[in-house]
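Here's the structure, in structure tokens; my notes come after.
One-based numbering along the sequence shown. Both counts, for ligands and for their atoms, begin at 1 and track the order of listing.
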Amino acid sequence: MRRRVRFCIALPFLILAITHLEAQSLHAGDANGPAWLLPYREPSARLIGEALGSTFAWDRLAILTDTIGHRLSGSPALERAIQWAVAEMTRDGLENVHTERVMVPKWVRGNESADIVEPARHAMVMLGLGNSVGTPADGVQAEVLVVHSFEELDAQAASARGRIVFFNVPFTTYGETVRFRAAGPSRAARHGAVASLVRAVGPAGLRTPHTGALQYAGDAPKIPAAAIAAEDGDRLQRMADRKSKIVVRLRMEAHFDADAESANVIGEIRGRELPDEVVVVGGHLDSWDVGAGATDDGGGCIVTWEALRIMKKLNLRPRRTVRVVLFTNEENGGRGGTAYRDRHRAELPKHVMMLESDGGVFRPLGVSFTGSDAARETVKAIATLLSGIAADQVSPGGGGADIGPSVQEEHIPAMSLDVDGSKYFLIHHTPADTMDKIDPVEMAKCAATVAVMAYVVADLPQRLAR
Ligand SMILES: [Zn+2]
């Protein structure tokens with residue numbers, strides 16, 4: 001090859017060809033990644049350094065959860081959290097900080113209890129299911145029918161009448177097990193049950209009940225429903241195995257008040273060249289009314305917001321706008337997500353990408369992504385900038401309940417923050433969802449992951465492919 005080069009009269013052409021080959025190899029991806037990625041190494045390192053250089057995100061979440069606490073839709077606490085977020089985003093120097101009004105359902109738990117009265121008295125550890133109706137003031141008292149599947153319930157339909165049906169299904173995956181919480185009450189009601197209990201949807205903890213929403217079917221009577229701790233489920237099972245007659249009294253004051261005014265909270269870093277094109281990041285500010293809503297989803301709100309705060313602090317203004325949205329009412333209505341879609345419908349074609357963080361802020365692994373193959377290649381290249389904090393995985397299946405309505409409307413590329421989920425369902429929707437479960441360094445790495453993804457996608461020379 002050398003000899004040919006030395007004597008070749010077409011040397012200029014060969015040099016051109018080699019330069020072209022080098023350029024091609026850069027585009028195809030060499031050890032340093034594609035050429036367009038190189039200018040992002042330095043700002044990414046600064047974003048990561050800033051996120052990891054302090055415990056700002058953790059401290060901010062501790063303030064939210066300690067001074068405001070849990071934030072059920074329609075509660076004064078959620079309203080306080082919204083006002084607090086607006087004031088803090090303004091203090092951070094974010095732009096276009098404002099709220100967008102959303103009417104939300106106001107479900108109120110009230111006092112509640114579930115007691116075994118036969119064969120012996122035992123108070124169970126329980127939580128009424130979100131959106132459940134209550135019981136009469138003196139409760140519902142009935143014999144218990146224990147089942148382990150919908151098929152078993154249907155097979156024993158005759159024995160369900162007048163009973164309290166207990167779905168005792170040990171946790172496998174959330175998707176598999178949550179069916180009994182969501183649909184179980186109406187399935188039982190169709191067979192004449194007077195109330196429904198479900199084994200808490202989560203791995204057995206330390207006698208921890210998990211709340212969460214139920215969905216009543218339109219064609220079944222609405223019966224009160226509650227989750228009981230795994231240990232109480234095990235006790236009912238032992239009694240049933242001994243063929244004991246089990247009688248339970250369930251008391252719940254749960255009810256709906258009139259819809260309440262709430263809001264999505266929005267803040268931005270306006271794009272320097274294409275401000276109308278938008279990358280959205282966010283989580284949901286509402287939570288269940290137990291614990292402190294630290295993991296679900298205060299942490300998701302704070303790490304996505306933190307991405308903008310550190311961009312502002314480092315004076316990194318991407319080509320396009322980055323917008324943080326703290327959605328309202330994810331847990332028991334999803335109205336924040338649909339309100340965002342409806343209000344921003346005309347602007348959705350200019351949404352370049354949407355990212356949701358609602359799986360906890362534990363050790364980040366990277367992101368999940370749903371979009372075109374071309375976009376996925378771009379996202380994979382960006383993710384290499386996160387290899388230093390081991391958050392460089394790109395998995396399929398990005399999205400989230402809040403961004404879902406907008407993403408589906410316009411086929412917007414969708415991302416979710418991926419974290420080590422091993423602890424998530426232990427504390428999900430429980431009184432144990434508190435600040436102490438969250439590690440400041442892991443949380444800072446989550447913020448760094450979101451910051452790098454959002455910044456680079458918002459700054460790309462060419463818009464992320466649809
Ligand atoms: Zn959530």
(message) Would Arg309 pass as a cation-pi partner of Phe56, given that its NZ or CZ must be under 6.0 Å from the six-membered ring centre and within 45 degrees of the axis?
(response) yes
(message) In this structure, is the centre-to-centre distance between the rings of Phe167 and Phe150 below 6.0 Å?
(response) yes
(request) Compute the centroid of each ring, for His428 and then for Tyr174, and state whether the two points are separated by less than 6.0 Å. (result) yes
(request) Describe, in one word, how the ring planes of Phe171 and Phe425 are oriented to each other, choosing from parallel (under 30°), tilted (30 to 60°) and perpendicular (over 60°). (result) tilted
Taking the Zn ion (ligand 1) as the reference point, name the nearest N/O/S atom of [X].
X: His284; result: NE2
X: Asp296; result: OD1
X: Asp358; result: OD1

